[in-house]
Amino acid sequence: MIRHTFSFLDGIGLRLERHFWRMGIISWQEFLNRNFVNGISSDKKEMADVALSTTLSALDGRDAQYFSRLLPQREQWRLFDVFGSNALSIDIETNGLPEDKGGFVTVVGLYNGYDYRALVKGIDLTEGNLKKELSGYSMIITFYGISFDIPFLSRKFNSLRFEIPHFDLGFASKRVGLKGGLKRLEGELGIIRDESVKGMDGYDAVKLWNLYRRRNREDTLEHLLKYNMEDTKNLFKIAEIIYKRLKASTGINEFISHS
DNA sequence: ACACAGATCCCGTGATCTTT
DNA sequence: AAAGATCACGGGATCTGTGT
């Protein structure tokens, strides 16, 4: 989808982008091949050509940081086809308190499509380990992580940087007409939760953590991790679905030759 | 070369939503 | 309860294409 995207260019919005598609300009290369493009002046065309060739080489180099700055948050989903194969879903649990009242991260769940990893406070949740686990990935997937998980982590672990594209399924799902939180979304998309964590929510995770700390019971921690794992893994499945729907909603599919 | 009309972008503001 | 992005909405600014 990123190769069909023009709306990051100066003075090009979503409308002009669609206009290009209608005229048969559906990729950067086709834009570059033309000397004139209906809808923009030749001055603008030249500027766009320069910008596009820079972007083209950034794509060749799979420069995730470049693209995270290029696209506004709400359009970062367009990078999923290029960076999704090297993406990491993130879901944190906390002790439930506001940060200025002693709130802290208890669990950071990470899933790259193959392996699930959980860093647990008091065991292996350290800034260094987090950095190690995050490094090398090109995209992060969260559910409203933009307003919760990522700022929370950033403030607790000062040196962490999330300078890669962020596919936030909370806002994305809303855009394709799906309402509600993660659990409800799973239900609507037919994603089944494991019996042991069915009906649980974030507050249950808080209670499980407190139980684990007070009674030091390993099985409560395992239960908490199981819950977090379901959340984290499901983000990946949902990302695939939402990406397809978002792409379809742009109308681009009508202009891509079916072969 | 110039002016106009319509298209499009862009920048507030305030309300809304979900996360633990 | 706090944070952050988005949406809807509207008005102002800018650009494009057309006609004279």
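Letters go in sequence order (proteins before strands), and every chain restarts at 1.
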From [options], nucleotide with atom closest to [X] side chain:
X         : options                  : value
Gln73(A)  : dG4(C), dT6(C), dT19(B)  : dT6(C)
Leu16(A)  : dT19(B), dT20(B), dC9(B) : dC9(B)
Tyr144(A) : dG4(C), dT18(B), dT20(B) : dT18(B)
Phe171(A) : dT19(B), dT6(C), dT20(B) : dT6(C)
Ile146(A) : dC9(B), dT20(B), dG4(C)  : dG4(C)

Specify the residue among Leu97(A) and Lys174(A) whose closest nucleotide of DNA chain B lies further upstream toward the 5′ end.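 Result of the comparison: Lys174(A).
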Across the strands shown, which category fits [X] at heavy-atom distances under 4.0 angstrom: base, sugar-phosphate, nothing?
X         : result
Gly39(A)  : sugar-phosphate
Gly181(A) : sugar-phosphate
Ile150(A) : nothing
Asn38(A)  : sugar-phosphate
Gly103(A) : nothing
Phe143(A) : sugar-phosphate
Asp204(A) : nothing

Integer-rounded Å distance: [N] [atom2] and [X] [atom1]:
X         : N       : atom1 : atom2 : value
Arg18(A)  : dC9(B)  : CZ    : P     : 13 Å
Leu71(A)  : dT6(C)  : CG    : C1'   : 17 Å
Leu182(A) : dT20(B) : CG    : C1'   : 13 Å
His19(A)  : dC15(C) : NE2   : P     : 17 Å
Ile90(A)  : dT18(B) : CD1   : P     : 22 Å
Asn95(A)  : dT20(B) : CG    : P     : 13 Å
Ile12(A)  : dT14(C) : CD1   : C1'   : 13 Å
Leu208(A) : dT20(B) : CG    : P     : 13 Å

Modelled atom types, side-chain donor and acceptor of Tyr116(A) and Asn228(A), under 3.5 Å: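 Yes, side-chain donor-acceptor contact under 3.5 Å.
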More 5' along DNA chain C: Lys44(A) or Phe148(A), using each one's nearest nucleotide? Phe148(A)
Exceeds 12 heavy-atom contacts within 6.0 angstrom, atom NZ of Lys244(A):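 For Lys244(A), atom NZ is not crowded (no more than 12 foreign heavy atoms under 6.0 Å).
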Main chain of Arg193(A), side chain of Glu230(A): is a donor-acceptor contact present, judged purely on distance under 3.5 Å?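 Flag not set: sc Glu230(A) to bb Arg193(A) has no pair under 3.5 Å.
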For Lys45(A) and Arg34(A), indicate whether the former's side chain and the latter's backbone hold a donor-acceptor pair under 3.5 Å. yes
I want to check one thing: is the phosphate of dG4(C), taken as OP1 and OP2, less than 4.0 Å away from some side-chain N or O of Arg155(A)? yes
Within the structure, does a side-chain N or O atom of Ser41(A) lie under 4.0 Å from either OP1 or OP2 of dT16(C)? yes
At what distance, to the nearest 0.5 angstrom, does CG of Leu153(A) lie from CD of Glu127(A)? 10.0 Å
One thing to verify: whether Glu195(A) and Lys198(A) come together as a salt bridge, which I'm taking to mean a side-chain N less than 4.0 angstrom from a carboxylate O.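 Answer for the salt bridge query: yes.
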